[in-house]
Amino acid sequence: MKEFIKQLILGGARRAFDKGLLKSDDFPEMEIEAPRHEAHGDISTNFAMVSASSQKMAPRKIAEAVISCMDPASVIEKTEIAGPGFINFFLASRAWYPTLDRIVKEDDRFGCSDFGAGKKVQVEFVSANPTGPLHVGHARGAAVGDAVANILSFAGFEVQREYYINDSGRQIRTLGLSVWLRLCQQLGREVEFPTDCYQGDYIKEIAADLHGRMGQELAEKDEAEAVSTCAKFAANVILEGIRADLVDFGVEYDQWFSEESLYASGRVQRAIEDFTARDVIYEKDGAQWFRTERYGDEKDRVVVRNNGITTYFASDIAYHMEKFDRGFDRVIDVWGADHHGYINRINAAIDASGRHSDQFNVILVQLVNLLRNGQPVAMSSRSGEFVTLKDIVDEVGKDAARFLFLSRSYDSGLDFDLEVAKQKTSENPVYYVQYVHARIAGILMKAAAEKVLNDDEHPWAGNKELLVEPEEIKLLKILAAFPETVEKSAATLHPHVIFTYLMELASAFHGYYNRHKVITPDRELSRSRIFLVFAVKAVIRNGLQLLGVSAPERM
RNA sequence: GCGCCUGUAGCUCAGCUGGAUAGAGCAACGGACUUCUAAUCCGUAGGUCGCAGGUUCGAGUCCUGCCAGGCGCACCA
C-alpha cells in the first residue's frame, strides 16, 4: 500500500512537472507513514516538504500541484493537504480487506518477510558458566536472545542459536575444588571450606551424588586429579540442569559450544600464532598483548599472561574467529550490561582479523531488579542464596515471565516483581493478550455449536464487505501493520516492539468485543465478523509465538 | 577520572531512520455484566519530555556541555 501511494505521488509529480506546475523533476526521497493521529488520515507523506528546497516553492503549493495531477484511485477516499504541507490519504474500507485473505493464506507464516534475504545469523545467548544454576539475569537474557532469534528467523534470516560453555579456566577449577572439599567433608575429613569457593547447597548435592558413585575411588587419588574429576562431573551435572531449566523456559539451542574444545582443537593457539605473525599480538613484560588500542579500545589487552596461562580474552578471540569461519554473515551476542567494557576488544579482534566489526552486534541487556511486593530480594551468589530461573518458572510461570522480560526495551533496567508477575490481575499484561486468544476461541466454538457456519465451511467464509464499523476498520489496520512491525523489530533487534504491538491489537480487540457482538441474529454479518476475529486470533498467536509465549484456547 | 545504559503523567514505561495536538498500563474518580469469558470495556483527571545551549522549515527524537541514577573500567571469568 505504501509503495502504491509512493508511485501515485511520483506519477502526479512527474505530470505536474510536464505541465510546468513544478520547476524541477529531481524528486528527493520521501517518507510514507501512518500518521500518529487518526484525524490525519491513514497514510501520509512529507513529499512536498522535502521537495521545498529543490522546487523553490512553498510546500503547500507543491502539494496542490501534485494532487491536481495525480491518477484517481478507487481505494483512496480523500486526499488533503495539512499542516506545514503533509499530504494525507484517507483510504476506503475495502483497501484493508485483502489483509484478511492474506492472513488466512499465510496463516502461521503471516508476518514473515524476506527482509533478512536468507543471510546466516548466529545468536549466542545466556552462555552462563556451568558453575551454578541460572538466575534472573540469565532469565532476561534467555527471553531476549530467544525472541530475537525467533524474530530474525521470521524476518527471513537463517538463524542458529548457540550456547557457549565456559568449561575451561579458573572458575571450573574452583567448582571442582568446591565439590571435592564438600566430598571430603562427607568422607569425614576435617577440611576448611574457603569463602571463595561456591557456597550453594547444590554443591553439596553434587558431592553427595559423586560420593555415592565413586567416593572411595576418588579418595585414593591425589588431590589434583580428584579435583579435576569433580570439576568435570559437576560441570556436566550443572550444565544438564541449565539445559533442562532452559527447556522449561521454552528455550532450545541448535548448538552447545565448548570453550575447552577451542583449546583441544588448537584453535586458540592458532589464533595467537596468526595474530603474532601479523604483529597484532606482541610481547611485553613477559606477557602477550593484543593491539586492541589500535582498533579503538582504550588500551591493549593481555592474551597470554606472564605465567604462560591464556586469558579468557584469548579463547574469546578464537571463538569469534571460529564463528565467522563457520560462515555466518552476522554474529549477535547477548550479554549482561556488566560486560559492556568487553565490546571494544572483541570488535578490535574482529577488525584485526580483516573482517568488519559491523557484522558483529552485541545486545546489552540491562540488569534485572528482583522485587517481592516492592521490596528488593537479596541476591548473593556468594552465599548461594538467589532466585533461580527455575524458581521463577515454578512461581510465576513461563508465559508471564517471558512476557514481562520482553515488555520493556533491554536498554532499560527492569524491575521484576515476583508477586505482581504471578498475580492474575490487570497489572499483568500477559493475560490481557492471551485473553484475546481465549475469547476468540470461545466465539469460534459457539459459532460452531450454533451452526453459524455450515459444517463444511471455514471461518473465513464470510463476506468482508460487511465489516464497516470503525472498530472493525481499526482492527484491520492494526492487523495489516503486523508484517512491518516484525520487520522493524528485526531491524532494531528489539523484541519489545512486538510486545507493544500485541498490547495495541489486544486493546483494539477488547474494545470491539465489548461494543459489538460477533455472533448476532444476522447470520451473514456474523460470518463476516467471524472472519475478522479469526484473523485477529491468528495474528495474536503469531506475535505471542515470536516472544515464546503460549496462546491458550481457554483461560 | 574514563566508558556504556537510563532520565517522558503520582508509579512502570511506549514514542519507528527528526514531523502535525507527546501516548499506554497501573494508581485516583465516575460509569457498563439476565449477553460470544468483567482476566474486559467506556469516560474524567493527570506533562516545562532532567537542565542549558546548538543544528533547521520543524527537536522528546540529532550535536555539545552540565545534573542525577544504574553498571563497568584486571596478567578475573
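Everything numeric here is computed off the predicted structure, so don't read it as measured data.
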### Query
Taking the six-membered ring of A:Phe416 as reference, does the NZ or CZ atom of A:Arg140 fall below 6.0 Å from its centre and within a 45° cone about the axis?
no
### Task
Would you kindly check if the NZ (Lys) or CZ (Arg) of A:Arg439 is within the cone defined by 45 degrees around the ring axis of A:Tyr513 and under 6.0 Å from the six-membered ring centre?
yes
### Task
Taking only the side-chain heavy atoms of A:Asp411 (C-beta and beyond), determine which of B:C5, B:A20, B:C36 contains the nearest atom.
B:C5
## Note on the structure
Picking from B:C36, B:U6, B:C76, the nucleotide nearest the side-chain atoms of A:Arg305 would be B:C76
### Query
Mapping A:Tyr513 and A:Ile309 to their closest nucleotides on RNA chain B, which lands nearer the 5' end?
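Comparing both residues, the 5'-ward one is A:Tyr513.
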### Query
Between A:Asn344 and A:Lys284, which has a closest nucleotide on RNA chain B that is more 5'?
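Between the two, 5'-proximity favours A:Asn344.
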### Query
How far does the P atom of B:C49 sit from the matching atom of B:A22, given to the nearest Å?
10 Å
### Task
Determine the Euclidean distance between corresponding P atoms of B:A32 and B:A38; express it in Å to zero decimal places.
16 Å
Do [X] and [N] have a side chain to base donor-acceptor pair shorter than 3.5 Å?
X        : N     : answer
A:Asn306 : B:C75 : yes
A:Asn88  : B:A20 : yes
A:Thr311 : B:A77 : no

### Query
Does a nitrogen or oxygen in the side chain of A:Arg301 sit under 4.0 Å from OP1 or OP2 of B:A74?
no
### Task
Hunt down the Watson-Crick or G-U wobble partner of B:G23, both distances under 3.5 Å, from any strand shown, or write none.
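Pairing partner, where one exists within any strand: B:C13.
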